[in-house]
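Encoded as structure tokens, the structure appears first; notes follow it.
Heavy-atom basis, side chains included; hydrogens, waters and symmetry copies ignored.
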Amino acid sequence: MNKENLSATGHFLIVGFSDFPELQVPLFIAFLLMYLITLVGNLLILAIICSNSHLHTPMYFFLTHLSSVDIGYTSVVFPQLLLHFFREGIEVSLTECLLQMYFFMVFATVELLLLTVMAYDRYVAICYPLRYTVIMNKTVCLTLAAGSWAVALLIAMPHIPLMSTFSFCESHTINHFFCDITALLKISCTSTTIIETLNYINGSIVAMMSFILIIFSYSKIVSSILKIKSKSGKDKAFSTCVSHLTVVILFYVSLFSTYVRPISSYSLKENKIMSLSYVAITPLCNPIIYSLKNTEFKKALIKAKII
């Protein structure tokens, strides 16, 4: 098969949803609405938390970072996605493609780590309520947030120099709506063993460790809640975790169903549809979940006369 190294010249063609011509108009409207609701919802969360002193707590501090991440990685993908409905395909250079892939990986990894940090925050709040303000002090919160960003930036970095040396099959056509790493590896004419191994290592270290830590935190949380004698006390303790737990389940189910498979088993059309669950649905649901399930946040919305 003919191959060409695109590090200097050439472009990829991202096909988007051109294989669903009869759905172009409804898809454009749906994605535009999703993007606008995601932006407005997450910006609203940031504004409410920043303007309300009662919400200047560790949980809401981490929520501001989560909302910033959701704005970031939807903005990496959605503007280009919406352009697909006005063109047959979008041409991007290798550099543009790798940068989009890199920033998307960074934002997705930060979200993963922030969800873990937020689980730890709930664990401390419920299991050690008298020591909560001491354990989760400002320095600790800043360190955990900054650490999440630093780890994500470093973990995603090796992919750029590695993939910039790849040769790609002559069509250079990416059957996806953005430069997703799985779609790029699918059209590679270079062995993907090294980068697949790197992905599995990263997945084991970050995704699986995060998942284990979240499970551990919630096992301790459930155990502590069950020891509370009053029903109102149990309900209050559990209500502080519902929003976070819902977001965790939504994010992990979509992430694992999309990426925890060998590259050879991927169906690009199937993967493209499934990618919408974490690219569009999760960031869209986060502000809705936190505003509807969180009593303190609902009170802040009422006080701001938003609801």
Side-chain angles (χ1 to χ4, degrees), residues 4 6-44 67-111 156 159-160 163-164 166 168-188 251 254-255 258-259 266-288:
E4 180 186 345
L6 295 184
S7 58
T9 60
H11 291 78
F12 291 111
L13 182 69
I14 304 177
V15 300
F17 288 93
S18 57
D19 43 354
F20 299 100
E22 70 284 359
L23 298 175
Q24 294 293 293
V25 173
L27 283 175
F28 173 77
I29 295 170
F31 291 144
L32 179 61
L33 286 173
M34 283 181 185
Y35 185 45
L36 292 176
I37 293 169
T38 299
L39 286 181
V40 171
N42 283 291
L43 286 171
L44 180 62
S67 291
S68 300
V69 167
D70 286 339
I71 291 170
Y73 84 77
T74 51
S75 296
V76 166
V77 173
F78 264 87
Q80 185 186 79
L81 171 59
L82 294 172
L83 275 177
H84 281 296
F85 298 102
F86 298 96
R87 303 179 187 177
E88 282 294 314
I90 294 178
E91 285 194 348
V92 294
S93 67
L94 177 63
T95 301
E96 291 170 330
C97 200
L98 292 181
L99 283 174
Q100 185 183 47
M101 180 196 76
Y102 173 74
F103 283 111
F104 182 82
M105 290 177 68
V106 167
F107 286 126
T109 305
V110 175
E111 176 135 357
H159 292 76
I160 292 182
M163 295 195 69
S164 64
F166 277 25
F168 296 91
C169 299
E170 59 182 348
S171 68
H172 303 147
T173 299
I174 299 175
N175 188 10
H176 214 295
F177 54 86
F178 74 106
C179 289
D180 182 59
I181 187 169
T182 55
L184 279 171
L185 294 179
K186 266 288 191 180
I187 63 169
S188 171
F251 186 78
S254 60
L255 188 72
T258 305
Y259 287 112
Y266 278 92
S267 161
L268 288 177
K269 199 172 262 192
E270 175 190 334
N271 190 46
K272 182 163 56 175
I273 301 299
M274 292 178 69
S275 295
L276 289 171
S277 60
Y278 63 87
V279 172
I281 307 301
T282 304
L284 174 70
C285 290
N286 284 358
I288 296 171

Query - Intermediate values then yes/no, side chain to side chain contact (heavy atoms under 4.5 Å, CB included), L185 and M163 - result: CA-CA 9 Å; L185 294 179; M163 295 195 69; 3.8 Å; yes

**Report entry** Full working for side chain to side chain contact (heavy atoms under 4.5 Å, CB included) between F177 and V279
**Finding:** CA-CA 11 Å; F177 54 86; V279 172; 4.1 Å; yes

Of all heavy-atom pairs between [X] and [Y], which one has the smallest distance, and what is that distance?
X: Y73; Y: P283; result: OH-CG, 3.7 Å
X: A183; Y: I174; result: CB-CG2, 3.7 Å
X: A280; Y: F78; result: CB-CZ, 3.6 Å
X: F251; Y: A108; result: CZ-O, 3.8 Å

Report task. Decide yes or no on side chain to side chain contact (heavy atoms under 4.5 Å, CB included) for N175 and K186, but give the supporting numbers first. Result -> CA-CA 9 Å; N175 188 10; K186 266 288 191 180; over 6 Å; no

Query raised in the report: In terms of ring plane angle, is the pair F178 and F104 parallel, tilted or perpendicular, where the classes change at 30° and 60°?
Result: tilted

Could you tell me if the side chain of [Y] sits less than 4.5 Å from the side chain of [X], heavy atoms only?
X: I187; Y: F12; result: yes
X: L184; Y: H176; result: no
X: I281; Y: M34; result: yes
X: Q80; Y: V92; result: yes

Query raised in the report: Is the side chain of Q100 donor-acceptor paired with the backbone N or O of V76 at a distance under 3.5 Å, no angle test?
Result: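 Judged by distance alone, yes, a pair lies under 3.5 Å.
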
Report summary line: For C285, the disulfide bond (SG atoms under 2.5 Å apart) test, sequence neighbours excluded, returns none

Distance (rounded to the nearest 0.5 Å) between [X] [atom1] and [Y] [atom2]:
X: M101; Y: H159; atom1: CE; atom2: NE2; result: 6.5 Å
X: L99; Y: I160; atom1: CG; atom2: CD1; result: 5.5 Å
X: I14; Y: C179; atom1: CD1; atom2: SG; result: 3.5 Å

Kindly write out the residues that satisfy side chain to side chain contact (heavy atoms under 4.5 Å, CB included) with [X], not counting sequence neighbours, or none if the list is empty.
X: S75; value: Y35, L39, I71
X: I29; value: V25, L33
X: L32; value: F28, L36, L82

Residues which pass side chain to side chain donor-acceptor pair (under 3.5 Å) with [X], listed by chain and number, not counting sequence neighbours:
X: S67; result: N42
X: H84; result: none
X: E91; result: none

Report summary line: By ring-ring contact (aromatic ring centres under 6.0 Å, His included), F107 pairs with (sequence neighbours left out) none

